[in-house]
Every structure is written in structure tokens, then in C-alpha cells.
Amino acid sequence: MGRDTIADIITSIRNADMGKNRTVRIASTNITENIVKILLREGFLENVRKHQENKKYFLVSTLRHRRTKKGIYRTVLKRISRPGLRIYSNYQRIPKILGGMGIVILSTSRGIITDREARLERIGGEVLCYIW
């Protein structure tokens with residue numbers, strides 16, 4: 001039985017955010033690298049570097065904590081499509097999270113992209129997760 005690497009990323013980031021840790025160590029695969037690049041580009045992560053330990057590569061990410069008047073703003077990550085239940089959407093039915101404030105990460109025929117890019121390219125795919 002295989003591991004769900006996307007759920008591992010989401011859980012690691014969520015646990016680090018809840019525990020007020022600044023850094024997260026994630027196993028490096030092509031999928032995880034693409035998702036981390038999107039999170040970095042969208043401003044949910046501050047810094048990412050690749051680290052090698054015993055012939056295995058890891059991504060060490062620094063989380064961005066945003067402060068509000070009531071305290072620290074938490075990043076919410078929610079896994080949608082999973083190995084037991086795949087969720088697909090065409091470009092017209094990709095949901096908008098918080099009226100466009102959040103992002104949806106999709107796995108398409110052109111790689112892992114955000115909902116905005118998918119709508120511009122007019123392609124659908126598997127809905128991996130929501131982030132807001």
C-alpha cells in the first residue's frame with residue numbers, strides 16, 4: 001500500500017503552523033517540489049531549500065506567520081481528492097475559495113497548477129487541496 005505524499009505535506013505544514021514552528025521538513029519528490037513552489041509563489045512560505053541526508057533529499061521550508069489584531073493568522077490546508085476518492089473538475093466548475101482569496105491546487109495534464117492558471121488555460125483536472 002502506497003503513501004499519500006500530498007496528505008503528508010499538508011499534515012506537516014498544518015502541524016508546524018499549529019505548533020508555532022518556523023520550519024518544516026518534507027520528503028522531496030516531484031509532486032512535493034511542485035506544490036511547495038506554488039506555496040512559495042503564493043506567499044504561504046517564506047523560504048525553501050533542498051537538504052540531503054543519508055542519500056535522501058528533503059525540502060526544508062520556512063513558514064510565513066501572518067499577524068492580525070487577534071493574534072497569529074493560521075493557514076488552513078484541506079485535502080480534497082484522496083487515493084480512495086478522486087475528485088475531478090473541469091475549468092468552469094473549479095471552486096473559488098473565499099471568493100478568490102484562497103487557492104485551489106490542481107493536478108492537470110500540464111502539471112500541478114493553481115485554480116487561476118487552470119481557468120486561464122481553460123483546463124481542468126484533479127482537485128488536490130484547498131488553501132486559505
Side-chain angles (χ1 to χ4, degrees):
M1 190 158 161
R3 291 178 47 113
D4 188 8
T5 57
I6 299 167
D8 291 344
I9 295 170
I10 291 171
T11 303
S12 298
I13 293 173
R14 187 184 305 125
N15 288 343
D17 192 35
M18 299 277 286
K20 299 178 185 171
N21 294 339
R22 294 277 302 165
T23 59
V24 179
R25 196 174 109 172
I26 302 166
S28 178
T29 63
N30 289 335
I31 294 172
T32 58
E33 286 182 17
N34 290 331
I35 292 174
V36 167
K37 283 179 188 176
I38 289 173
L39 292 175
L40 183 65
R41 187 176 65 224
E42 294 291 328
F44 292 102
L45 299 177
E46 281 185 15
N47 188 4
V48 177
R49 62 183 160 82
K50 203 168 194 177
H51 179 70
Q52 183 179 4
E53 190 175 295
N54 297 332
K55 298 182 182 180
K56 292 184 180 179
Y57 287 96
F58 295 97
L59 297 172
V60 179
S61 305
T62 306
L63 298 177
R64 175 171 285 158
H65 292 294
R66 293 173 280 190
R67 295 203 173 269
T68 62
K69 291 179 182 178
K70 295 182 180 179
I72 295 177
Y73 175 75
R74 298 273 179 231
T75 302
V76 179
L77 296 107
K78 185 175 180 185
R79 177 82 157 118
I80 302 302
S81 183
R82 50 192 171 87
L85 178 65
R86 302 288 185 186
I87 306 295
Y88 296 95
S89 177
N90 61 9
Y91 76 95
Q92 296 164 333
R93 295 190 181 205
I94 297 172
K96 287 190 177 183
I97 307 301
L98 294 177
M101 296 295 289
I103 62 171
V104 178
I105 297 180
L106 297 147
S107 176
T108 66
S109 59
R110 296 190 186 146
I112 296 177
I113 59 176
T114 63
D115 57 338
R116 289 182 215 111
E117 295 167 354
R119 284 189 195 97
L120 286 174
E121 295 181 18
R122 302 183 85 155
I123 56 174
E126 182 181 354
V127 180
L128 297 179
C129 61
Y130 298 157
I131 302 170
W132 69 90

Over 12 non-hydrogen atoms of neighbours within 6.0 angstrom of CD1 in I80: yes

Distance, nearest 0.5 Å, that separates OG1 of T114 from CG of L39: 11.0 Å

Single-linkage hydrophobic cluster V104~W132, side-chain heavy atoms < 4.5 angstrom: yes

Interatomic distance, Y130 atom OH to I10 atom CD1 [nearest 0.5 angstrom]: 12.0 Å

Heavy-atom side-chain proximity of I103 to D115 below 4.5 angstrom: yes

For the student: nearest non-hydrogen atoms of G102 and L98, plus distance: N-CB, 4.3 Å

From T29 atom OG1 to I9 atom CD1, the distance as rounded to the nearest 0.5 Å: 6.0 Å

Point-to-point distance, once rounded to the nearest 0.5 Å, from NZ of K96 to CZ of R119: 5.5 Å

Pairs involving residues 34-44, ordered by first then second residue, that meet side chain to side chain donor-acceptor pair (under 3.5 Å) (sequence neighbours left out): R41-E117, E42-R116

In one Ile/Leu/Val/Met/Phe/Trp/Tyr side-chain cluster, 4.5 Å: L59, I105: yes

Distance, nearest 0.5 Å, that separates CG of N21 from CD1 of I13: 12.5 Å

Which atom of I123 lies closest to which atom of Y91, heavy atoms considered: O-CB, 3.4 Å

Test item: V127 and I94 side chains (from C-beta on) under 4.5 Å apart, heavy atoms: no

Heavy-atom donor-acceptor pair, R14 side chain to L77 backbone, under 3.5 Å: yes

Hydrophobic cluster membership, I38 vs V36, 4.5 Å side-chain cutoff: yes

Heavy-atom closest pair, residues L128 and R79: O-NH1, 3.4 Å

Check against side chain to side chain contact (heavy atoms under 4.5 Å, CB included), D8 and I26: CA-CA 8 Å; D8 291 344; I26 302 166; over 6 Å; no

Side-chain donor/acceptor pairs under 3.5 Å, residues 44-57, sequence neighbours excluded:
| unit_1 | atom_1 | unit_2 | atom_2 | d |
| --- | --- | --- | --- | --- |
| E46 | OE1 | R22 | NH2 | 3.2 |
| E46 | OE2 | R22 | NH2 | 3.4 |
| K50 | NZ | E33 | OE2 | 2.9 |

Nearest heavy atoms of V24 and A16, plus distance in Å: CG2-CB, 3.3 Å

Cluster check I31, Y88: I/L/V/M/F/W/Y, side chain < 4.5 angstrom: no

Spacing of CD1 belonging to I35 relative to CD1 belonging to I6, to within rounding of 0.5 Å: 4.5 Å

